[in-house]
Amino acid sequence: MFRSFSNQLAAAAAAGNNANDKKTMREGGSQPGDGVSYGAVLSSIQKHFPETKIGMDALGRADEETAVVVGGVTNMVLEMSKWEGMAGGMAMKTWIDALVSGYARVDRGSHKDAIARGIVKGINQNADISLMTKEFTAKIQIISCLKNLSSRIYSPGSEEARHAEATLSSKLI
């Protein structure tokens with residue numbers, strides 16, 4: 001994917017700087033500024049989570065799409081931790097902080113509860129803990145960040161936070 005993109009950039013640069021030439025980033029004819037289509041990404045995600053409704057099928061189901069995105073990014077960070085433990089630990093802290101600050105900016109209402117459920121479901125059900133590093137210090141840091149998330153999303157000591165932490169703990173055993 002990245003090799004193809006870099007080849008396209010190199011080909012565009014080699015074509016010259018003629019102001020009358022239209023430069024496209026891919027064969028589909030799209031140009032910078034046309035917007036982004038997530039259709040291909042959503043269909044790839046659908047293969048890995050076949051029971052989850054996403055896209056137009058999930059209209060009004062913010063928790064399902066949030067869970068898929070949170071689980072996917074969490075898996076990427078866990079995979080990174082396997083190769084570089086401490087960098088993965090720092091990336092997980094950054095990711096969890098971004099989730100909490102993003103959640104805090106959501107207005108009160110029914111969507112806020114759905115997004116909270118999606119975040120917790122993404123961590124507890126869609127994240128693959130087996131991707132985590134075996135390095136002790138980094139592993140402790142990642143587990144601490146993940147367990148701390150539910151009490152930062154829900155109020156500390158609430159029933160939802162305790163349930164989410166217990167679910168995560170059972171995955172880690």
Side-chain angles (χ1 to χ4, degrees), residues 1-3 36 38-173:
M1 178 173 134
F2 293 107
R3 183 177 296 136
V36 178
Y38 293 102
V41 174
L42 290 176
S43 65
S44 292
I45 290 171
Q46 190 71 51
K47 291 177 192 172
H48 297 286
F49 301 104
E51 71 282 351
T52 303
K53 293 186 184 311
I54 56 178
M56 292 303 287
D57 295 335
L59 197 60
R61 297 291 314 249
D63 56 338
E64 294 291 329
E65 287 194 3
T66 303
V68 169
V69 171
V70 169
V73 174
T74 303
N75 283 344
M76 287 191 280
V77 174
L78 290 172
E79 179 72 25
M80 186 180 102
S81 77
K82 188 181 281 188
W83 304 108
E84 185 60 45
M86 288 310 290
M90 290 185 291
M92 185 62 74
K93 178 162 180 20
T94 302
W95 170 234
I96 297 301
D97 289 344
L99 280 173
V100 171
S101 68
Y103 176 74
R105 283 182 271 174
V106 175
D107 293 331
R108 289 250 179 247
S110 63
H111 287 296
K112 188 158 184 143
D113 295 337
I115 291 170
R117 283 191 309 272
I119 290 171
V120 171
K121 181 179 179 182
I123 297 294
N124 287 344
Q125 294 177 13
N126 294 347
D128 185 3
I129 299 300
S130 68
L131 297 173
M132 193 181 335
T133 184
K134 304 297 182 216
E135 199 175 305
F136 181 75
T137 306
K139 191 172 191 171
I140 294 299
Q141 182 179 5
I142 291 170
I143 290 170
S144 173
C145 287
L146 290 173
K147 289 185 80 173
N148 190 17
L149 174 67
S150 60
S151 64
R152 290 176 68 186
I153 294 291
Y154 301 113
S155 59
S158 68
E159 184 178 337
E160 294 93 351
R162 288 188 311 222
H163 179 69
E165 286 179 26
T167 304
L168 182 63
S169 294
S170 68
K171 277 182 80 170
L172 295 170
I173 292 176

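Side-chain atoms of T137 and Q141, non-hydrogen and from C-beta on, never get closer than 4.5 Å to each other. Taking 4.5 Å as the limit, every side-chain heavy atom of V70 sits out of range of all side-chain heavy atoms of N126. The shortest distance between side-chain heavy atoms of T66 and K121 does not fall below 4.5 Å. When side chains are defined from C-beta on, I143 counts as touching M132, because their heavy atoms get closer than 4.5 Å.
In this structure, the side-chain hydrogen bond (donor to acceptor under 3.5 Å, both in side chains) partners of K147, at least two apart in sequence or on a different chain, are S169. Every side chain to side chain contact (heavy atoms under 4.5 Å, CB included) that V120 has, sequence neighbours left out, goes to N124, Y154, A164. Residues satisfying the side-chain hydrogen bond (donor to acceptor under 3.5 Å, both in side chains) criterion with S130, sequence neighbours excluded, are D128. Residues satisfying the side-chain hydrogen bond (donor to acceptor under 3.5 Å, both in side chains) test with S151, not counting sequence neighbours, are N148. Remark: M76 pairs with V73 by the side chain to side chain contact (heavy atoms under 4.5 Å, CB included) rule, at least two apart or across chains.
When all heavy atoms of K139 and T133 are compared, the closest pair comes out as CD-O, 3.7 Å. Between K112 and D107, the shortest heavy-atom distance links the atoms CB-O, 3.6 Å. A161 approaches S155 most closely through the heavy-atom pair CB-O, 3.8 Å. The two residues N75 and L131 make their nearest non-hydrogen contact at O-CD1, 3.7 Å. Among all heavy-atom pairs drawn from Y103 and I115, the shortest one is CD1-CG2, 3.9 Å.
A distance of 9.0 Å separates CE in M80 from CE in M92, rounded to the nearest 0.5 Å. The distance from the CG atom of L168 to the CG atom of L149 is 9.0 Å, given to the nearest 0.5 Å. Distance check, rounded to the nearest 0.5 Å: OG of S144 to CD1 of I96 gives 10.0 Å. Residue I119 holds its CD1 atom at 4.0 Å from CD1 of I153, rounded to the nearest 0.5 Å. Between T74 atom OG1 and I123 atom CD1 the span is 3.5 Å, to the nearest 0.5 Å. To the nearest 0.5 Å, atom OG of residue S170 and atom CG of residue L172 are 8.0 Å apart.
No more than 12 heavy atoms of other residues, nucleotides or ligands shown are found within 6.0 angstrom of NZ on K93.
Within the structure, salt bridge (charged side-chain N to carboxylate O under 4.0 Å, His left out) pairs that include any residue of residues 149-168 comprise D97-R152 (at least two apart or interchain). Screening residues 76-87 for side chain to side chain donor-acceptor pair (under 3.5 Å) gives E79-W83 as the qualifying pairs, with residues at least two apart or on separate chains.
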